[in-house]
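First up is the structure itself, then whatever we jot down about it.
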Amino acid sequence: MEELLLETISIIDAPAHVNETVKIGVWLTDKRSSGKIAFLQLRDGTAFFQGVVLKNEVSETVFNTAKRLRQETSFWVTGEIHEDSRSKFGYEIQVAEIEIIGESEDYPITPKDHGVDFLMDHRHLWLRSSRPHAVLTIRNEVIRATYEFFNQEGFTKIDAPILTGSAPEGTTDLFHTEYFDHDAYLSQSGQLYEEAGAMAFGKVFSFGPTFRAEKSKTRRHLIEFWMIEPEMAFMYQEESLAVQEKYVAFLIRNVIDHCQSSLETLGRDPKVLEKYTKTPYPRISYDRAIEMLNEGGMNITWGTDFGSPEETYLADQFEQPVFILNYPKAIKAFYMKPHPTRDDVVICADLLAPEGYGEIIGGSERATDYNYLLEQIKKAGLDPAEYSWYLDLRKYGSVPHSGFGLGLERALTWITGEDHVREAIPFPRLLNRIYP
RNA sequence: UGCCCCGUAGUUCAGUGGUAGAAUAGUUGACUGUUAAUCAAAGGGUCGUAGGUUCGAAUCCUACCGGGGCAGCCA
């Protein structure tokens, strides 16, 4: 009779079931026991809390089973939920019954220190640990908030292809593959396709994986990463910057509001993030940035691109993310709109995250003139025939339009306060890692 | 790709020319509120691989393999 009343719940919902007897499917993360009491550290994917087994309250079989449980054994636990300030979660379950589902022997990730390589070799198991779980919970919130934001702003999601026949930007290394009897490449950007989308739907965005075969081995690089690329017709640079800062602030706001426990697990102070919800973000020109760097003793000449030390120095001068506007034409992509009164710069902006996390957004107003664009394509050493469809966008009703790309993992690394982008994706693809 | 650093017990590391070590995990036992629990016991090794120097190499040299950090490139 009582069996029928038993409700199966998730740990996260425990506060709503205080003093009720419930059943939860769990894994054991850790265990401490003495002669007459055992503490079982439990997780079920939604949260972590502990079960208390009192020898006097349960059968000898249950108590012995509890003492015999090993790390990552899965089982059904039945018991009464209690509020208890001695427990970190604030609630715990007083165990009455344990029903083992799957045994676990010699689980490799112990509660002690491990190196990065070892943990990455066991990434498929490491995901169960509290820190990766917290980062990926925030990743999910950022993805959710991204869809909410662009939906409420009137954007249409237009998916860009992953297999392409040519190099969109032509500069960086691409992954080569075969497309029947033709060459094909994995996408390194969906932007050009989004421009076509913007001419059909007005405001569009893509959100998908991106591949760069660069031999980069730094904390800011992944071989495979996810990018959000909005593109907006009838939009000039200033309005695009307003969308960008509104979007980034929206992401931060939602993470603060919906991911408190994950932020706490990571030791990321919400008060620090709170500063990034205030807009507008400061804007400085590339020219001014060069001046600031030289005033700071960095000795950099106009025309060079910023490296990581320069980006960090500039970002450190501000309390919020900062836009760097209008870079030299020579160091930027062919499709950017030339400045109306200066021949040496283009209408673009990079958004630098604070705290040394570097560039998280790159964006620009796009070139609209057919002949200018054709010339730029040739100058970049690209084959105009490959870009014929892209040039068509300037041939049939060209309009001013702007867009940008946000690197999901870079933004997440910053938001979560992690020190490497590999932490911000479930299964990172790195220079020397494609397993697991 | 360049520069720097690291490969020793399941894991994290010490040992820098003379018998292979610690902590922790796992195992066994004790303990009624533990939070990296504590206490006790026994077990656990092709010192990354190959070659060289030496009476003797984990230790010195060379090459290779694997990894980390930084830089370039980029999001």
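In what follows, chains are A, B, ... by sequence order, proteins preceding strands, each numbered from 1.
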Which of the following nucleotides, [options], is nearest to the side chain of [X]?
X	options	answer
A:I37	B:C31, B:C74, B:G33	B:G33
A:S34	B:G72, B:C73, B:A37	B:A37
A:L54	B:A36, B:U32, B:A75	B:U32
A:H114	B:C74, B:U11, B:U32	B:U11
A:R410	B:C74, B:U12, B:U32	B:C74
A:S33	B:U27, B:G69, B:C31	B:C31
A:D84	B:G33, B:A71, B:A36	B:G33
A:R70	B:U12, B:U27, B:C73	B:U27
A:R32	B:U35, B:U32, B:U11	B:U35

Over how many whole Å does the gap from [X] atom [atom1] to [N] atom [atom2] extend?
X	N	atom1	atom2	result
A:L119	B:G67	CG	C1'	13 Å
A:K31	B:U24	NZ	C1'	16 Å
A:D419	B:G69	CG	C1'	11 Å
A:D121	B:U12	CG	C1'	16 Å
A:I425	B:A75	CD1	C1'	12 Å
A:I109	B:G26	CD1	C1'	16 Å
A:D173	B:G72	CG	C1'	12 Å

Reckon [X] touches a base, only the sugar-phosphate, or nothing at all at heavy-atom distances under 4.0 Å?
X	answer
A:G358	nothing
A:R433	nothing
A:Q50	base
A:K55	nothing
A:E57	nothing
A:R219	sugar-phosphate
A:D305	sugar-phosphate
A:H122	nothing
A:T218	base

Using atom [atom1] of each nucleotide, how far apart are [N] and [M] to the nearest Å?
N	M	atom1	result
B:U8	B:A58	C1'	7 Å
B:G17	B:G72	P	39 Å
B:A25	B:U59	P	31 Å
B:C70	B:A23	C1'	31 Å
B:A37	B:G18	P	38 Å
B:G7	B:U12	C1'	13 Å
B:A42	B:U28	C1'	8 Å
B:C65	B:U46	P	24 Å

| said: Side chains of A:E153 and A:F250, heavy atoms from C-beta outward: is any pair under 4.5 Å? | reply: no

| Are any of the side-chain heavy atoms of A:V95 and A:T78 separated by less than 4.5 Å? |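 The answer is no, as the side chains (C-beta and beyond) never meet within the 4.5 Å cut-off.
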
| field | Closest-nucleotide ordering on RNA chain B, the 5'-leading residue of A:L222 and A:E310 | value | A:E310

| field | Closest-nucleotide ordering on RNA chain B, the 5'-leading residue of A:S216 and A:D30 | value |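 On the 5' side of the pair lies A:D30.
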
Any-strand Watson-Crick or G-U partner of [N], both distances under 3.5 Å:
N	value
B:C70	B:G2
B:A40	B:U28
B:A63	B:U49
B:U12	B:A22

State whether the distance check finds a donor on one side and an acceptor on the other, under 3.5 Å, for side chain [X] versus base [N].
X	N	answer
A:N56	B:U32	yes
A:K112	B:A25	no
A:E92	B:G33	yes

| task | Kindly check if the number of other-residue, nucleotide or ligand heavy atoms within 6.0 Å of NZ (A:K36) is above 12? | result |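 Not more than 12 within 6.0 Å, no.
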
| message | Can you give me the closest heavy-atom contact between A:K329 and A:V346, atom names plus distance? | response | CG-CG1, 3.7 Å

| request: Over all heavy atoms of both residues, which pair between A:E274 and A:T277 is shortest? Give the atoms and the distance, please. | output: O-OG1, 2.6 Å

| From A:T61 OG1 over to A:E97 CD, what is the distance, rounded to the nearest 0.5 angstrom? |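 Between atom OG1 of A:T61 and atom CD of A:E97 there are 9.0 Å.
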
| Donor-acceptor contact present, side-chain A:S402 to main-chain A:M235, <3.5 Å | yes

| query | Ring stacking, A:F39 with base of B:G33, under 5.5 Å and under 30°? | reply | no

| task | Scan side-chain atoms only and decide if A:R144 and A:N254 contain a donor-acceptor pair under the 3.5 Å cut-off. | result | yes

| query | Side chains of A:E229 and A:S189: do they bring a donor and an acceptor to under 3.5 Å? | reply |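 Yes, a side-chain donor-acceptor pair sits under 3.5 Å.
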
| query | Is A:R220 near enough to B:C70 that one of its side-chain N or O atoms lies under 4.0 angstrom from OP1 or OP2? | reply |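 False: A:R220 side-chain N/O out of range (4.0 Å or more) of B:C70 OP1/OP2.
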
